[in-house]
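This report concerns only the one structure given below.
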Amino acid sequence: MAGFIDDYFISPIWDKTGYNAINTLIYAVIALAAAWLIYKGLKREKIAIDEKFVLSIIPFILLGSTARVITDAVDTGVMALSAGAGNPLASFVLNSHIYDYSYLTVTPGIYIVTGLITLAAVFGFNRMRRPALIAPFGLVLWLSQLIILAPLLQFWYFGALALMLALVGALAGSLVLRQLKMPSRVGSLVIFAHAFDGAATFVVINVFGPAVGKQYFEQHVLSRFIGTIGDSMFSFFVVKVAVATIAMVVLEKESEDKQEKLFVALLLLIFGLAPGVRDLLRMLAGA
């Protein structure tokens with residue numbers, strides 16, 4: 001059992017080989033179980049799961065992805081270069097060792113930590129009867145991380161390319177929803193999140209990497225397989241847009257419980273936006 005855990009869970013983290021079929025399946029089961037428990041907890045606490053609630057969680061998604069990229073910058077030496085150029089925040093990050101590569105600063109640890117912070121904010125402010133403070137609190141936390149990362153961001157042309165491609169994909173998916181008379185702000189946001197993830201992945205691996213002489217690879221098993229189609233991650237972008245659009249159509253048709261529908265949409269939003277933001281920020285930082 002110890003060897004099994006080391007081979008499929010421990011070694012991939014420290015060897016930086018990405019995900020495999022075994023840990024992907026286990027993580028997915030754990031994530032689904034956690035999502036079910038969280039949903040039950042929200043219902044028990046009588047927390048309204050509406051569009052406002054979904055939007056209030058976005059700053060926390062950005063928080064986790066941004067903190068993860070700071071670790072990327074430390075691990076790849078980009079942060080050290082910035083410290084050497086006289087950046088005091090970079091020096092603080094390096095000397096504090098808070099963002100050093102560890103179980104708590106890389107996937108899945110960083111997202112577990114971020115999830116716990118999010119839940120503490122949601123349930124805490126709800127108990128205080130101040131749910132309106134959830135989003136501002138998350139925004140302050142995210143900005144505290146973005147300020148650290150901001151001096152490193154520079155490859156804006158590639159970032160703009162990823163964003164424009166994502167917008168095209170999101171527009172295509174949203175038009176499908178509109179044609180089917182299923183217009184939804186959250187639905188369009190979910191499609192954009194996955195288009196953004198697909199676009200950022202494509203630009204990082206097939207455009208940015210070759211342009212700057214860096215080699216990036218897709219860490220997720222299924223995504224890597226999709227990327228073999230046409231020998232380009234552009235196929236991943238197309239599949240992401242299509243699957244996200246289909247998912248929202250099915251969700252709109254099959255789910256009659258509005259809160260349940262929005263909670264599932266929130267999960268889909270997280271699974272698209274979190275990796276997409278990480279990919280974009282890491283590319284902008286050149287990490």
Side-chain angles (χ1 to χ4, degrees), residues 4-5 7-13 16-45 47 49 53-69 71 102-123 134 138 186-187 189-198 200-201 218-226 236 239-240 243-244 246-248 250-251 254-255 257 259-279:
F4 175 83
I5 294 174
D7 289 342
Y8 292 101
F9 295 90
I10 306 301
S11 292
I13 292 176
K16 303 172 186 176
T17 55
Y19 294 89
N20 53 67
I22 300 298
N23 64 22
T24 296
L25 178 61
I26 298 300
Y27 288 150
V29 171
I30 293 174
L32 289 174
W36 183 80
L37 291 174
I38 291 169
Y39 179 71
K40 291 298 183 180
L42 293 173
K43 297 287 285 186
R44 186 180 62 230
E45 292 290 316
I47 297 174
I49 306 173
F53 175 79
V54 172
L55 294 176
S56 73
I57 302 301
I58 291 179
F60 295 93
I61 303 174
L62 301 178
L63 165 67
S65 298
T66 306
R68 179 67 180 87
V69 175
T71 294
S102 71
Y103 291 116
L104 295 180
T105 58
V106 301
T107 309
I110 184 62
Y111 295 114
I112 293 175
V113 172
T114 305
L116 292 175
I117 292 173
T118 306
L119 291 175
V122 169
F123 289 109
I134 296 173
V186 172
L189 190 58
V190 168
I191 295 173
F192 170 76
H194 285 272
F196 185 53
D197 181 26
T201 300
E218 173 55 48
Q219 294 187 345
H220 297 273
V221 177
L222 183 58
S223 305
R224 285 199 299 268
F225 172 75
I226 295 173
F236 176 61
V239 169
K240 287 283 278 186
V243 170
I246 292 171
M248 291 313 303
V250 172
L251 192 59
E254 301 299 328
S255 180
D257 187 321
Q259 292 201 72
E260 183 181 272
K261 182 190 305 182
L262 285 172
F263 183 73
V264 174
L266 173 59
L267 296 179
L268 293 174
L269 176 64
I270 293 171
F271 293 143
L273 190 59
V277 170
R278 184 210 170 182
D279 288 348

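From a predicted model like this one, the values you see are computed outputs, not experimental measurements.
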Check the pair T118 / L63 against side-chain contact (heavy atoms from CB on, under 4.5 Å), numbers first and verdict last. CA-CA 10 Å; T118 306; L63 165 67; 6.0 Å; no
May I ask you to test the F4-I22 pair for a side-chain heavy-atom distance under 4.5 Å? yes
Closest non-hydrogen atoms of G64 and Y111, given as atom of the first, atom of the second and distance, are C-CE2, 4.0 Å
Do any pairs count as a salt bridge (Lys or Arg N to Asp or Glu O under 4.0 Å) and have a residue in residues 16-41, sequence neighbours left out, and if so which ones? K16-D75
Nearest heavy-atom approach of A244 to H194 is CB-CB, 3.8 Å
Hey, are the side chains of K261 and V186 touching, using non-hydrogen atoms and a 4.5 Å cut-off? no
State, yes or no, whether a side-chain contact exists between S223 and T201 at a heavy-atom distance under 4.5 Å. no
What pair of heavy atoms forms the shortest contact from F271 to K240, and how long is it? O-NZ, 4.4 Å
Please evaluate residues I47 and F53 with respect to the criterion side-chain contact (heavy atoms from CB on, under 4.5 Å), reporting the C-alpha separation (whole Å), side-chain torsions for both, the decisive distance (0.1 Å), and the verdict. CA-CA 9 Å; I47 297 174; F53 175 79; 4.1 Å; yes
Main-chain N/O of V106 paired to R68 side chain as donor or acceptor, under 3.5 Å: no
Flag the pair I58 / L189 as yes when at least one side-chain heavy-atom distance between them is below 4.5 Å, and no otherwise. yes
Using every non-hydrogen atom in the two residues, find where G138 and P59 come nearest and quote the distance to one decimal. C-CB, 3.5 Å
Here the pair of heavy atoms bringing S11 nearest to D7 is CB-O, 4.2 Å
Tell me whether D279 contacts the main-chain N or O of G276 through its side chain, where contact means a donor paired with an acceptor under 3.5 Å. no
Using the ring of each side chain (for Trp, its six-membered ring), is Y39 parallel, tilted or perpendicular to F263, with breaks at 30° and 60°? tilted
So I57 and L269, side-chain contact (heavy atoms from CB on, under 4.5 Å) or not? Walk me through it. CA-CA 10 Å; I57 302 301; L269 176 64; over 6 Å; no
Trace of the side-chain contact (heavy atoms from CB on, under 4.5 Å) decision for Y27 with T107: CA-CA 11 Å; Y27 288 150; T107 309; over 6 Å; no
Search all heavy atoms of S65 against all heavy atoms of A274 and return the closest pair with its distance. OG-O, 2.7 Å
T24 side chain vs A21 backbone, donor-acceptor pair below 3.5 Å: no
Contact check, side chains of V122 and F60, non-hydrogen atoms, under 4.5 Å: no
Can you check whether I10 reaches Y103 side chain to side chain, under 4.5 Å on heavy atoms? yes
